[in-house]
Amino acid sequence: MEKIVIMCRSISYAQRGERLLERSNISASIVKAPQSVTSEGCSYGLRVGEKNKGKAIVILKNSGIRIGRIFKLESDGSFVEVEQ
């Protein structure tokens with residue numbers, strides 16, 4: 001299954017988002033973003049299955065979690081930005 005990474009403002013938001021998504025039966029895990037995809041230094045994101053992208057975004061936004069850019073995680077470990 002293809003994975004996407006939804007960037008969060010902080011690790012606290014990522015942790016809160018992970019719990020919210022898990023309660024909604026969406027498997028999620030926290031990942032640290034490489035320097036190549038963030039200008040803010042240390043950033044964290046939520047890795048979810050691509051089929052759950054839309055639902056995950058709605059849940060996070062409705063819960064007040066600000067999300068940033070969204071990336072597709074390629075098989076070689078690189079990130080490609082995708083649209084919301």
How far does OG of Ser63 sit from CZ of Arg16, to the nearest 0.5 angstrom?
-> 6.0 Å
dist Ile59:CD1 -> Leu21:CG (nearest 0.5 Å) comes out at 5.5 Å
Compare all side-chain heavy atoms of Ile70 with those of Met7 and state whether any distance is below 4.5 angstrom.
-> no
Would you check if Glu2 and Lys72 make a side-chain contact, meaning some heavy-atom pair closer than 4.5 Å?
-> yes
Leu20 side chain reached by Ile26 side chain, heavy atoms, under 4.5 Å = no
Enter the distance from Glu22:CD to Ser29:OG here, rounded to the nearest 0.5 Å.
-> 8.5 Å
Heavy-atom side-chain contact between Arg47 and Leu73 under 4.5 Å | yes
Can you measure from CD1 (Ile30) to OH (Tyr44) and round to the nearest 0.5 angstrom?
-> 9.0 Å
Separation of Glu18 CD from Ile65 CD1 (nearest 0.5 Å) = 10.5 Å
Which value, rounded to the nearest 0.5 Å, describes the distance between Ile6 atom CD1 and Ile4 atom CD1?
-> 4.0 Å
Nearest atoms (heavy-atom pairs only) where Tyr13 meets Cys8 | CB-CB, 4.2 Å
Would Leu60 and Leu46 count as a side chain to side chain contact (heavy atoms under 4.5 Å, CB included) if you check the C-alpha gap in whole Å, the side-chain angles of each, and the deciding distance to 0.1 Å?
-> CA-CA 10 Å; Leu60 295 171; Leu46 293 167; 4.0 Å; yes
Smallest separation among heavy atoms of Ala28 and Val48, with atom names | CB-CG1, 3.8 Å
Considering only heavy atoms from C-beta outward, does the side chain of Phe71 approach that of Val82 to under 4.5 Å?
-> no
